[in-house]
There are 2 protein chains.
Amino acid sequence: MKYSRQREAIYRAVRQSCSHPTADTVYEQVRDENPQISLGTVYRNLNQLVDGGMLTKIAMPYDGDRFDGRMDEHYHMICTGCGKVVDVNLLSLSQLDSEILQKTGFRVSAHHMVLEGTCEDCAARKPSA
Amino acid sequence: MKYSRQREAIYRAVRQSCSHPTADTVYEQVRDENPQISLGTVYRNLNQLVDGGMLTKIAMPYDGDRFDGRMDEHYHMICTGCGKVVDVNLLSLSQLDSEILQKTGFRVSAHHMVLEGTCEDCAARKPSA
DNA sequence: CTAGGTGCAAAGCGTTTGCTCGGGG
DNA sequence: CCCCGAGCAAACGCTTTGCACCTAG
């Protein structure tokens, strides 16, 4: 892959962020140091970086995709209060695939999981929710 | 909710199907007995039925939403070979929420999970995949 | 009679793509 | 020098919405 200043900036923006940004958020941020960049370029590069195994795309239910610089297998939770997206480390899901294979013959190759709920901050802010 | 012939037909179409149809597939099917129906009406009614707790919407990663007449909690797997979407009954996921609450303080209220892989039929058809 | 539903078409939104120009190697 | 990438704008696919007419209750 040929180097470009824009891709470099996009890659850095996602890696440095811990908010699992959307393409649009990356665009906003990258424009600071690169005012001429276009949204199309951001999408193109995000997809290239995903294809190249440098980033992960998170398909959010009912919302635009988000991007993640963490490449180890994990899942995500979205807070219905503030919209924050946080990581879930792999817990008891490891045996799931073999359990499914045994029971259904379906050989799982990827998980797309997003949990929805209320984060600690929002629970503290509004205990009734 | 006021009765309408169209909503009736849409509801029946989703309940009778075991293929987790998209809005468009429902549209195609309902047009047989209701040629004047519009796609907008199909979307409107599907959403009303989901809001009313009569159907579930399945957010497919990287693809249009699908609808499901099964209302008990379960997940879905999509075959990367043939695109078939099948049900996964709840397995060892039940303790996941409390595990997450303990470790992160995030109170889970909903799961959005789609597993990707190869179904038994496709595995038989093309053993190398 | 009237609130809510339909059909139609246009708009919305996130994302992709065709084209021409520019810059990396 | 050549080709991939950038910038721009138009197109795209799925979904929603505004509007005028219709229909269940």
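Note that these values count all heavy atoms, side chains included, but never hydrogens, waters or copies made by symmetry. Treat the numbers as computed from the prediction; the structure is a model and nothing was measured. We name chains A, B, ... by the order of the sequence lines, and we start the count at 1 in each one.
OP1 or OP2 of D:dC8 sits under 4.0 Å from a side-chain N or O of A:Gln36. Listed pair B:Asn47 / D:dT15 fails the phosphate criterion, with no side-chain N or O lying under 4.0 Å from OP1 or OP2. OP1 or OP2 of C:dG7 has at least one side-chain nitrogen or oxygen of B:Gln6 nearer than 4.0 Å. Distances shorter than 4.0 Å separate none of the side-chain N or O atoms of B:Arg44 from OP1 or OP2 on D:dT17. Within the structure, every side-chain polar atom (N or O) of A:Arg5 is placed at least 4.0 Å from both OP1 and OP2 of C:dG23.
Atom CD in A:Gln48 sits about 12 Å away from atom P in C:dT16, given to the nearest Å. Taking atom CG of residue B:Leu46 and atom C1' of nucleotide C:dT6, one finds them 15 Å apart after rounding to whole Å. In this entry the distance linking OH of B:Tyr27 with P of D:dT16 reads 16 Å, nearest Å. Residue A:Glu8 contributes atom CD, which lies 15 Å from atom P of D:dG5 at whole-angstrom precision. Taking atom CD1 of B:Ile37 as the reference point, atom P of D:dC21 lies 21 Å away to the nearest angstrom. The separation between A:Asp51 atom CG and D:dG5 atom C1' is 15 Å, rounded to whole Å. In this structure, OH of A:Tyr3 is placed 13 Å from P of C:dG23, rounded to the nearest angstrom. In this structure, OH of A:Tyr62 is placed 11 Å from P of D:dT15, rounded to the nearest angstrom.
Atom CG of A:Leu101 is separated from atom CZ of A:Phe106 by 10.5 Å, given to the nearest 0.5 angstrom. From B:Arg66, atom CZ reaches atom CG of B:Leu55 across 14.5 Å, with rounding to the nearest 0.5 Å. Rounding to the nearest 0.5 angstrom, the gap separating the CG atom in B:Asp24 from the CG atom in B:Leu39 is 6.0 Å.
For A:Leu39, the listed nucleotide lying nearest its side chain is C:dT15; candidates were C:dG7, C:dG5, C:dT15. Nearest nucleotide to the A:Ser4 side chain, out of D:dA6, C:dG5, C:dT15: D:dA6. Among the nucleotides D:dT15, D:dT23, C:dG24, the one closest to the side chain of B:Lys2 is D:dT23. Distances were taken from every side-chain heavy atom of B:Tyr43 (C-beta onward) to each of D:dT17, D:dA24, D:dT16; the shortest belongs to D:dT16. Here the nucleotide nearest the side chain of A:Ser38, chosen from D:dG7, C:dT6, D:dC4, is D:dG7. For A:Asn45, whose side chain is taken as the heavy atoms from C-beta onward, the closest listed nucleotide among D:dT17, C:dT15, D:dA6 is D:dA6.
In this structure a side-chain-to-backbone donor-acceptor pair under 3.5 Å is missing from A:His76 to A:Asp87.
B:Asp24 comes within contact range of no nucleotide atom at all, as no heavy-atom separation falls under 4.0 Å.
Of the two residues contacting DNA chain D, namely A:Met1 and B:Asp63, the nearest-nucleotide position lying further toward the 5' end is that of A:Met1. Summary of the strand contacts: B:Arg7 and B:Gly40 both lie near DNA chain C, and taking for each the nucleotide with the nearest heavy atom, the more 5' one is attributed to B:Arg7.
B:Ile78 and B:Val86 are members of different hydrophobic clusters when ILVMFWY side chains are connected at heavy-atom separations under 4.5 Å.
Remark: A:Arg31 qualifies as a cation-pi partner of A:Tyr27 under the 6.0 Å distance and 45° angle criteria applied to the six-membered ring.
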